[in-house]
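See structure below.
So you know, we letter chains A, B, ... as the sequences are listed, proteins then strands, and number each from 1.
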Protein chains: 2
Amino acid sequence: MLSKSCVYALRAIVYVGHNSSENHKIGIKEIGEELDLPVHFLSKILQSLVKHNILQSTKGPHGGFYINEVSGKIKLLRIIEVVDGLSFFHKCGLGMHECSDTHPCPLHDDFIVFREGLYKIFATKTINDLVKKVEDGNAFIQNLNTKN
Amino acid sequence: MLSKSCVYALRAIVYVGHNSSENHKIGIKEIGEELDLPVHFLSKILQSLVKHNILQSTKGPHGGFYINEVSGKIKLLRIIEVVDGLSFFHKCGLGMHECSDTHPCPLHDDFIVFREGLYKIFATKTINDLVKKVEDGNAFIQNLNTKN
DNA sequence: ATATAAAAAGACCTAAATATCTTTTAATAT
DNA sequence: ATATTAAAAGATATTTAGGTCTTTTTATAT
């Protein structure tokens, strides 16, 4: 449903939110290692988040990624929008072009419940909400003795 | 969520269920044209459904695809299983290896509602259910003046 | 100013999903 | 038996997602 890029983005941003501050930035290498994600690929993804002002970064010594006040309040949906686009939340589950409430495909009424439920979750929760969850003990860092 | 292959499979099988009988089989060409799907690609997908006894076919003149009593009662989940596999319904929405009710990722509790709801739909509805929906007027054939 | 450290950018590679084209096999009608 | 028709099977091409490697830019500390 969410692409790998998108999931990587979410996990990385939560890691940064959880571990960084204005004067302690997190390097891409650390993020990749801790989350067991491909560093260079992740780097591209974070670049794009930075461009969209969802994440902050600075270059040079002691540089790295961090997150500011404003970014913490960004909704997960915004990240999905930037990385994957929002078509998932609009398009027909059976791939029909002309599927809608008035002209529904045979699965429309069933699908729509879940599509909209998910939408609401993503449209409501913020990065900070996830960071808080992690601070309250939710799983987050990949178990070290397993691999994708 | 469902791959194109899977969605093609569902639509094709409903088309066949709706239009075929023991003595009127439907050719792959007709299916492809009516549903506006790539014929040869669809052909592969249907081949696999036939192999798994989800769909019936015969070769030769007046051959084609059809659906028998038993197949009509097959659950949508079975088609998904054959085409895409069922990993979607088990794996973590944030791609964590070790995500579970007792060791949940920060989105686990939200995701699981949606995943299980969808699962129940697919595990309950049969091909015949969709065919009936279509016969009751649900959208199904692609609008002819739109293209993917 | 210079060296250094770290992200940004660019070029490239790989694998999987999707799609097309060709040949073979198997029913059926003649 | 033979011709014909349609699916099955095989080979190949294209596109997209995912991933790696190298070079450039920029901030910082010395």
Side-chain angles (χ1 to χ4, degrees), chain A residues 1-13 15-16 20 22-33 35-67 80 82-85 87-88 95 147-148, chain B residues 1-9 11-13 16 20 22-33 35-67 80 82-85 87-88 95 147-148:
Chain A
M1 186 209 18
L2 302 181
S3 69
K4 283 197 180 188
S5 297
C6 195
V7 155
Y8 293 177
L10 289 169
R11 302 220 347 249
I13 222 172
Y15 183 84
V16 172
S20 79
E22 258 319 324
N23 57 353
H24 177 61
K25 290 152 193 166
I26 312 290
I28 187 71
K29 241 180 103 180
E30 177 184 334
I31 305 172
E33 273 163 21
L35 302 184
D36 194 23
L37 300 179
V39 172
H40 295 286
F41 185 45
L42 183 60
S43 158
K44 300 283 172 192
I45 298 164
L46 297 194
Q47 253 176 62
S48 131
L49 295 181
V50 168
K51 236 183 251 159
H52 286 91
N53 250 291
I54 292 169
L55 181 66
Q56 283 67 50
S57 72
T58 56
K59 297 180 173 183
H62 304 118
F65 296 91
Y66 62 103
I67 212 168
I80 295 172
V82 162
V83 180
D84 282 350
S87 69
F88 172 83
K147 279 275 164 194
N148 284 59
Chain B
M1 183 208 21
L2 303 181
S3 70
K4 282 196 181 189
S5 296
C6 195
V7 155
Y8 292 179
R11 302 222 345 250
I13 222 173
V16 172
S20 79
E22 261 314 329
N23 56 353
H24 178 62
K25 289 150 194 167
I26 312 290
I28 186 73
K29 240 180 104 180
E30 177 185 334
I31 305 171
E33 275 163 20
L35 301 184
D36 194 23
L37 301 179
V39 172
H40 296 286
F41 184 46
L42 183 60
S43 159
K44 300 283 173 193
I45 298 165
L46 297 195
Q47 254 176 61
S48 132
L49 295 182
V50 168
K51 237 181 250 156
H52 286 91
N53 251 291
I54 292 168
L55 182 65
Q56 284 67 50
S57 72
T58 56
K59 297 180 172 183
H62 304 118
F65 295 91
Y66 63 103
I67 212 169
I80 296 172
V82 162
V83 180
D84 282 350
S87 69
F88 172 82
K147 281 275 164 192
N148 282 61

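One finds a side-chain N or O of A:S57 lying less than 4.0 angstrom from the OP1 or OP2 phosphate oxygen of C:dA8. Regarding contacts with the backbone of D:dG19, a side-chain N or O of A:Y8 is found under 4.0 angstrom from either OP1 or OP2. The side chain of B:Q47 contributes an N or O atom lying less than 4.0 Å from OP1 or OP2 of D:dA9. Between A:K29 and C:dA5, a side-chain N or O to OP1/OP2 separation shorter than 4.0 Å is absent. The side chain of A:S5 contributes an N or O atom lying less than 4.0 Å from OP1 or OP2 of D:dG18.
Looking only at distances, no side-chain donor or acceptor of B:D84 sits under 3.5 Å from a matching main-chain atom of B:L2.
Regarding B:H62, its NE2 atom lies at a distance of 10 Å from the P atom of C:dT28, rounded to whole Å. Residue B:Q56 contributes atom CD, which lies 11 Å from atom P of D:dA8 at whole-angstrom precision. Nucleotide C:dA16 holds its C1' atom 15 Å from the CD1 atom of B:I45, rounded to whole Å.
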Determine all donor-acceptor pairs shorter than 3.5 Å in which one atom belongs to a side chain in residues 48-59 of chain A; sequence neighbours excluded.
residue: A:H52; atom: ND1; partner: A:S48; partner atom: O; Å: 2.8
residue: A:Q56; atom: OE1; partner: A:N68; partner atom: N; Å: 2.9
residue: A:Q56; atom: OE1; partner: A:S71; partner atom: OG; Å: 3.1
residue: A:Q56; atom: NE2; partner: A:S71; partner atom: OG; Å: 3.1

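Using a 4.5 Å cut-off on side-chain heavy atoms (C-beta onward), A:L46 and A:I31 make contact.
Axis deviation across the helix from C:dA1-D:dT30 to C:dT30-D:dA1 amounts to 0°, comparing end segments of five pairs, rounded to 10 degrees.
Among the heavy atoms of the strands, none lies under 4.0 Å from B:L55.
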Which atom pairs link the protein and nucleotides 20-25 of chain C when you take only N or O atoms and keep those under 3.5 Å?
residue: C:dT25; atom: O2; partner: B:K59; partner atom: NZ; Å: 3.2

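Ranking D:dT5, C:dA7, D:dA8 by closeness to the B:P61 side chain, first place goes to D:dT5.
Atom CZ in B:R11 sits 8.0 Å away from atom CG in B:D36 (nearest 0.5 Å).
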